[in-house]
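What follows is a short report on a single structure.
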There are 2 protein chains.
Amino acid sequence: MKTYKRWLQNANLKVTPARLNILYTLDHANGFLTAEDIYNELKPTIEHLSLSTIYRSLEQLEKVHLIESVSLENKKEAQYELAHSKHAHHLICLTCGKVIHIHDCPIHDFAKAVSSQHHFKVTSHTLDLYGYCEACQT
Amino acid sequence: MKTYKRWLQNANLKVTPARLNILYTLDHANGFLTAEDIYNELKPTIEHLSLSTIYRSLEQLEKVHLIESVSLENKKEAQYELAHSKHAHHLICLTCGKVIHIHDCPIHDFAKAVSSQHHFKVTSHTLDLYGYCEACQT
DNA sequence: GTATCAAATGCAAATGGTTTGCATTTGAGT
DNA sequence: ACTCAAATGCAAACCATTTGCATTTGATAC
Ligand SMILES: [Mn+2]
Ligand SMILES: [Mn+2]
Ligand SMILES: [Zn+2]
Ligand SMILES: [Zn+2]
């Protein structure tokens, strides 16, 4: 918990139980979590926890770049993960939701080519690969 | 309109004004459209048009693969476009919403590599590039 | 420690995009 | 024209997320 406390202090956010627990939960998840996932995880251990606190905390944590939100194809709820400094892409298991991070990025050259070809100034991109993780390929 | 009629008939869907108009509208858009975009476009010309008809039509059209829905980063509404048979990716203008289709795909080799490296069976992927189109780069 | 005050929280109500129930209309085949 | 499933309009329901407001709490100053 020491680490999370420092993260919050460095970001000039008050250290509150909700925020510490949200960071801990995202840090120990093996895939993306929704606001409600986090709420359900924490509700039993925090009395009087409100779902709106989760939403407001996620908003703040994202604003200071401690976490990131992702929109997944065919999912309407926002999904969250701990922020990672290195540019990365995702392997997402369609069965168990496990997420593997890939730090290799095949897009930069491609973006450059496409960019000049279509006179389009590319500033960012999203690339997610869907399929089945080792455990789910039986 | 002749074409759209045939599309619907081939898909075993009844030919209705709403569906014809939705196909026409998507066919002539230069970017993705939301259900409400389409509704606002058609409302003036179709008396008693209901937004739920738009939603139900989009659902049907997607089911028979005449159109596709896309989830965009930081947009909560579903976006639609006419289906395209060839595998493609998107250049999306952050200012005007224009979408350019790229039929070049740099991912297949990458997916193969990553696949064997992480024992992950990749079945699909999404790749969208965001930035500014020629007209919006002033 | 105690006082202070903005920031964070709980709770309930409001939102906004999307879906659904139901009575009525319409398209396609006879 | 006749029939019947499918499509539609409208209102109400739904669900994820946001917001208003009264209360509590964390950080800083004494
Ligand atoms: Mn990630
Ligand atoms: Mn497309
Ligand atoms: Zn899995
Ligand atoms: Zn543009």
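In the text below, chain A, chain B and the rest are named by the order of the sequence lines, each starting its count at 1.
- Taking each heavy atom of A:H118 and B:L91 in turn, the nearest pair found is CB-CD1, 3.9 Å.
- A:Q137 places a side-chain N or O within donor-acceptor distance of the main-chain N or O of A:Y132, the cut-off being under 3.5 Å.
- The side chain to side chain contact (heavy atoms under 4.5 Å, CB included) check on B:Y39 picks up B:K43, B:L49, B:L51, B:I54, with sequence neighbours excluded.
- Only B:R56, B:S57, B:Q60, listed by number, bring a heavy atom of residues 55-82 of chain B to less than 4.0 angstrom from any atom of DNA chain D.
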Just the atom pairs and distances: protein N or O near nucleotides 27-30 of chain D's N or O, under 3.5 Å.
unit_1	atom_1	unit_2	atom_2	d
D:dA27	OP1	A:V15	N	2.9

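- No donor-acceptor pair under 3.5 Å is formed between the side chain of A:T34 and the backbone N or O of A:Q79.
- Looking only at distances, no side-chain donor or acceptor of B:H90 sits under 3.5 Å from a matching main-chain atom of B:V99.
- Aromatic ring pairs are classed by plane angle as parallel below 30°, tilted from 30° to 60° and perpendicular above 60°; the pair B:H103 and B:H101 is parallel.
- Residues that satisfy the side chain to side chain contact (heavy atoms under 4.5 Å, CB included) test with B:H28, not counting sequence neighbours, are B:Y4, B:Y24.
- Taking every heavy atom of both residues into account, A:P44 and A:E41 meet most closely at CD-O, 3.5 Å.
- For B:N21 (side chain) and B:P17 (main-chain N/O), a donor-acceptor pair under 3.5 Å exists by modelled atom type.
- The stretch residues 30-51 of chain B touches DNA chain D through B:H48, B:L49, B:S50, each having a heavy atom within less than 4.0 Å of the strand.
- B:H89 places a side-chain N or O within donor-acceptor distance of the main-chain N or O of B:L127, the cut-off being under 3.5 Å.
- With a cutoff of under 4.0 Å to any heavy atom of chain B, the contacted region of DNA chain C is bounded 5' to 3' by C:dG17 to C:dA28.
- Between the B:R19 side chain and the B:L61 main chain, no donor and acceptor come within less than 3.5 Å of each other.
- The backbone N or O of B:Y80 lies less than 3.5 Å from no partner atom in the side chain of B:S69, so there is not a single donor-acceptor pair.
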